[in-house]
K.L.:
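The following block contains the structure, expressed as structure tokens.
Worth knowing before you read on, the calculation uses all heavy atoms, side chains too, and leaves out hydrogens, waters and symmetry mates. Quantities reported herein were computed from a predicted structural model and do not represent experimental measurements.
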Amino acid sequence: MIIDGTSTRRLNVLITGGRAPVALEWARRFAACGHRVFAAESVDRYLCRVSRSVVRSYRVPQPNEDEAGYREAIRSIVKRESIDLAVPTCEEIFHLAKFKTDLESETGCAVFCEPIETLDRLHNKRSFIELAASRGAQVPFTRPVESDELLETLAQEERFGSKLVLKPVYSRFGANVHIVERARLKSLLRNADLRRLIEPSASWIAQQYLEGAPLCSYSVARAGS
């Protein structure tokens, strides 16, 4: 499917997560190429809702609160508007990915994301590090943390260096990330707030702390290798 200015067929495109600035940018670009753009979002007011580039906007249930309702709403929009391509932008990508295969086979709409198994492997900070290491990438020393006792043992691990990073395997925007001195780790375990975070039911990792300038890149690939 061609989705740029060289397309010979006008597509009906559904952009979810219409509150994001990037969603508005995509809406404008698709519209500029002659495609018909629709938007879906779980909040009342959002950027794409008032854009001249968007043909129609839909309010849908919040997927983290009503996943079944969200699925049905998206399926209904895709059928009603004969959507050719669905483009997720925010966290709802994980919910769309769960029924990507069913939606594509039922409606013929292409969902522009990987299956949930691939997304989960990349989003999970432990499995991502393991994947990167298996492909020969240099990664920080990393170990799982599943209890206070194991974390106390890790405090003796010299491969962490002087500092280590504690983080949940699922997080965003640095939420619940703790950078601590390894020498102070045992004493920090007496902190009630930290102890509540590190518990057997949670999935956390401890990582070597690396000094340096943070770098960030963003790429989109289709049928790449």
Side-chain angles (χ1 to χ4, degrees), residues 1 3 10-33 35-125 127-128 167-177 197 201-203 216 218-222:
M1 178 182 293
I3 57 174
R10 185 172 71 168
L11 303 177
N12 292 333
V13 181
L14 174 64
I15 298 177
T16 66
R19 67 188 180 277
V22 69
L24 178 60
E25 177 66 17
W26 284 346
R28 290 170 173 171
R29 288 177 177 265
F30 276 118
C33 292
H35 305 302
R36 300 176 73 239
V37 180
F38 301 83
E41 180 52 83
S42 58
V43 298
D44 286 323
R45 300 178 181 179
Y46 54 94
L47 288 172
C48 285
R49 183 171 177 264
V50 294
S51 171
R52 288 175 295 181
S53 299
V54 176
V55 174
R56 186 173 295 111
S57 298
Y58 288 91
R59 171 77 183 274
V60 295
Q62 294 189 27
N64 60 328
E65 295 182 358
D66 182 8
E67 187 170 74
Y70 180 79
R71 289 189 181 194
E72 184 54 40
I74 294 297
R75 183 178 287 108
S76 177
I77 296 169
V78 168
K79 291 181 177 180
R80 181 184 302 118
E81 304 295 355
S82 299
I83 300 297
D84 299 295
L85 175 68
V87 182
T89 61
C90 301
E91 288 83 356
E92 84 284 347
I93 188 174
F94 295 104
H95 300 277
L96 276 169
K98 289 179 182 178
F99 68 106
K100 164 187 168 73
T101 302
D102 291 340
L103 185 63
E104 290 179 333
S105 62
E106 180 183 347
T107 67
C109 170
V111 182
F112 197 67
C113 70
E114 291 295 315
I116 186 61
E117 294 79 12
T118 301
L119 292 182
D120 182 74
R121 190 179 186 189
L122 298 175
H123 185 50
N124 183 302
K125 292 176 173 55
S127 61
F128 172 76
K167 63 177 74 171
V169 295
Y170 294 112
S171 64
R172 56 192 291 270
F173 299 130
N176 291 324
V177 172
L197 291 175
S201 62
S203 295
C216 180
Y218 178 85
S219 303
V220 176
R222 180 174 176 83

K.L.:
Between Pro168 and Lys125, which heavy-atom pair has the shortest distance, and what is it?
P.N.:
O-CD, 3.5 Å
K.L.:
Going through the distances and angles, do Glu41 and Ser57 end up as a side chain to side chain contact (heavy atoms under 4.5 Å, CB included)?
P.N.:
CA-CA 8 Å; Glu41 180 52 83; Ser57 298; over 6 Å; no
K.L.:
Would you check if Leu85 and Phe30 make a side-chain contact, meaning some heavy-atom pair closer than 4.5 Å?
P.N.:
yes
K.L.:
So, are Arg75 and Glu106 salt-bridged, with charged N and O less than 4.0 Å apart?
P.N.:
yes
K.L.:
Can you name the closest pair of heavy atoms from Ala97 and Pro115 and give their distance?
P.N.:
CB-C, 4.2 Å
K.L.:
Val37 and side chain to side chain contact (heavy atoms under 4.5 Å, CB included): which partner among Val87, Ile15, Asn12, Leu14?
P.N.:
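Passing option: Ile15.
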K.L.:
Sequence neighbours left out, what passes side chain to side chain donor-acceptor pair (under 3.5 Å) with Ser76? Give chain and number order.
P.N.:
Arg80
K.L.:
Could you grab the distance from atom CD1 of Ile74 to atom OG1 of Thr107, nearest 0.5 Å is fine?
P.N.:
11.0 Å
K.L.:
Quick one: pull up CG in Leu11 and SG in Cys33 and give me the separation to the nearest 0.5 Å.
P.N.:
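Atom-to-atom, Leu11:CG and Cys33:SG are 10.0 Å apart.
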K.L.:
Can you tell me how far apart OH (Tyr70) and CG (Asn64) are? Round to the nearest 0.5 Å.
P.N.:
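One finds 10.5 Å between OH of Tyr70 and CG of Asn64.
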K.L.:
Using modelled atom types only, decide if a donor and an acceptor are shared between the side chain of Ser105 and the backbone of Asp102 within a distance under 3.5 Å.
P.N.:
yes
K.L.:
Considering all heavy atoms of both residues, which atom of Leu96 and which atom of Pro88 are nearest to each other, and what is their separation?
P.N.:
CD1-CB, 3.5 Å
K.L.:
Check Arg29 with Glu25, please: is the shortest side-chain N to carboxylate O separation under 4.0 Å?
P.N.:
yes
K.L.:
Arg10 vs Arg36, test: side chain to side chain contact (heavy atoms under 4.5 Å, CB included). Steps then yes/no.
P.N.:
CA-CA 7 Å; Arg10 185 172 71 168; Arg36 300 176 73 239; 3.2 Å; yes
K.L.:
Assess whether atom CZ of Phe128 is packed by more than 12 heavy atoms of other residues, nucleotides or ligands within 6.0 Å.
P.N.:
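Counting other residues, nucleotides and ligands, CZ of Phe128 stays at 12 neighbours or fewer.
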K.L.:
Can a donor-acceptor pair be found, under 3.5 Å and without considering hydrogens, that links the side chain of Ser42 to the backbone of Gln62?
P.N.:
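No, Ser42 side chain to Gln62 backbone: no donor-acceptor pair under 3.5 Å.
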K.L.:
Give the minimum heavy-atom separation between Tyr46 and Tyr58, together with the two atoms involved.
P.N.:
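Reported closest heavy-atom pair: OH-O, 3.4 Å.
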K.L.:
With no hydrogens and no angle check, just 3.5 Å: does a side-chain donor-acceptor pair link Asn176 and Tyr170?
P.N.:
no
K.L.:
For atom CZ of Arg59, is the number of surrounding heavy atoms from other residues, nucleotides or ligands below 6.0 Å larger than 12?
P.N.:
yes
K.L.:
Can Lys98 and Glu67 be counted as an ion pair, charged N to O under 4.0 angstrom?
P.N.:
yes
K.L.:
Side chain of Thr89, backbone of Gly17: donor and acceptor closer than 3.5 Å?
P.N.:
yes
K.L.:
Considering only NZ, NE, NH1 and NH2 on the basic side and carboxylate oxygens on the acidic side, decide whether Arg19 and Glu91 come within less than 4.0 Å.
P.N.:
yes
K.L.:
Nearest 0.5 Å, please: how far is OG in Ser82 from CD1 in Ile77?
P.N.:
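It is 13.0 Å, given to the nearest 0.5 Å.
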K.L.:
Taking it one step at a time, do Arg49 and Val54 satisfy side chain to side chain contact (heavy atoms under 4.5 Å, CB included)?
P.N.:
CA-CA 7 Å; Arg49 183 171 177 264; Val54 176; over 6 Å; no
K.L.:
For a quick test of reading the model, state the closest non-hydrogen atom pair linking Ala23 to Gly18 and the distance between them.
P.N.:
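Minimum heavy-atom separation between Ala23 and Gly18: CB-CA, 4.0 Å.
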K.L.:
Test of understanding: with side chain to side chain donor-acceptor pair (under 3.5 Å), list the residues that count as partners of Glu92, not counting sequence neighbours.
P.N.:
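Expected list: Thr16.
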K.L.:
To the closest 0.5 Å, what do you measure between CZ (Arg28) and SG (Cys48)?
P.N.:
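Here the interatomic distance stands at 9.0 Å.
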